[in-house]
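Structure record follows, encoded as structure tokens.
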Amino acid sequence: MSDIIPEKRQRVEDSSKVDIMAGGEPHVNGKSATNGGSHKWFGDEPLESNDPEIHALIIKEKIRQKRGLELIASENFTSRAVLETLGSCLQNKYCEGYPGQRYYGGTQYYDELERMCQRRALEAYGLDPEKWGVNVQPYSGSPANFAVYTAVVGPHGRIMGLDLPDGGHLTHGFMTSKKKISATSVFFESMPYKVNPETGLIDYDALAVNARLFHPNMIIAGMSCYSRNLDYARFRQIADEHGAYVLADMAHVSGLVATGVVANPFEYCDIVTSTTHKTLRGPRAGIIFYRKGVRKTLKNGTQVMYEIEKPINEAVFPGLQGGPHMHAIAGVAVALKQAMQPEFKTYCQNVIENARVMCKSLMSRGYKISTGGTDVHLILLDLRPMELDGARGEKVLEAISIVLNKNTCPGDKSALKPSGLRIGTPALTSRNLTASDFEKVADFIDKGLQLTKEVVAASPGPTLKEFKETLATNPAIVAKVNTLKEEVENFAQQFPLPGLEHM
Ligand code: DSN
């Protein structure tokens, strides 16, 4: 016991599974806890007794997921098989380097595993290994994008991405007039393109005009909140005027691309990045596809080759990352295999169908949907006609166990007061909700937003603080919130939580 400091001794004594033998020697399951065997310092104790506080929070979160309606467009419920890889022995090992060239011993199974993931990634997207390569090591989408810019355009290279308030992503070069917010606008020169504030559709003509002034090295075709197919052919055409690369960040739609239910970026783009946990339903990780072989043939017949494979791989490791997260890479491999099953295509078709059903249902109740519809897994609800804003809508919906996020709408003057709500269907479709269930979800959203109007009316003043206080304390409002929350939770609990029901 001498090697256990008093604070640790206290924790041992707190554990219900440990009995203190005469002399203060902790024993677990009859074996000495300080002398090998299954003692808690050895690491064999279940979380529940080893760390009841963290365990309790996980249980609370699981209950929240089960009782709530998860509509965040970028989230999903991954499978039990993927969760098993994440909690497996693969989490223990360092594997810096690439298959066949590691900086650590003991990596023989990891080489096999990473190669398998690479093969499946190319297969899932129907890519010829002679023409495309893939790096499966990025920790997530943001580092994947940063690695691509580092490798392909270099420091202060010029990038053009959809502006964040117009539905783009932070890592597509986001900055404001006051501040370079994303490091991608600090280390690279960025100029945004926008959507048309009237239609909500990407203004490709304005992009073409601005590209002629900016002469980008890369144009990014990707989004975080845009409900229409991207016109990759048009991006290609605009980029070609400047010899620029086209990077598709297909993070949101990667499952939908794999199953061919939305436009395919691989036809027109040079590089494609993605996260793997959104519509693809895998673990939290990132991936980069890059072209190989001939980039273009000049008029004199000379072939210009793609020379991005080595720079991209070197940018990921050792440029920006250390050891790859092999447990996550194994999870990506599992998700990619699942994505090639016919059932996954049905799932993706349902994701889009359910988004359309919600869209129609909300529009029939008089709501305004940006772009007037959807081709993908999300819709953007514009609350300006209701004289509401996204922050207030999000708060009330959260109070009734509907989780989604506030979002700017085309033409919003301030990103600080977004006037819309982004609503996505991937997660609830994974919980087996069908079109008629999504009608019901639309009905709950409608009730929640009508209640939001009541909270605004009952607030003593116009600030968000006053609004939140009213929501939390006004007895009539609290009673309505509780009734609606109970209805939502009773409905949501009928549906299974993939991967978690057995735990
Ligand atoms: N933050 C994610 C989203 O919600 O769209 C993208 O990385």
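Ligands are counted one by one from 1 in listed order, and the atoms in each one are counted from 1 as well.
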Item to check | side chain to side chain donor-acceptor pair (under 3.5 Å) assessment of Tyr98 paired with Asn135 | outcome: CA-CA 9 Å; Tyr98 288 103; Asn135 187 309; 2.8 Å; yes
Item to check | Close-range residues for ligand 1, whose non-hydrogen atoms fall below the 4.0 Å threshold | outcome: Ser74, His169, Ser224, His252, Lys278, Arg422
Item to check | Quiz item: cation-pi between Arg281 and Phe344, 6.0 Å / 45° | outcome: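 Relative to the ring axis of Phe344, which defines the angle, Arg281 lies outside at least one limit.
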Checklist entry - Does Lys440 count as lying over the ring of Phe444, i.e. NZ or CZ under 6.0 Å from the six-ring centre, within 45 degrees of the axis? => result yes
Item to check | Phe495 and Phe491 aromatic ring geometry - parallel, tilted or perpendicular at 30°/60° bounds | outcome: perpendicular
Next on the checklist: Testing Thr279, Asn354, Asn350, Asp437 one by one against Thr429 for a side-chain hydrogen bond (donor to acceptor under 3.5 Å, both in side chains), which residue passes?
Outcome noted: Asn354
Item to check | Partner of Val334 under side chain to side chain contact (heavy atoms under 4.5 Å, CB included), chosen from Thr85, Thr78, Leu86, Ile329 | outcome: Thr85
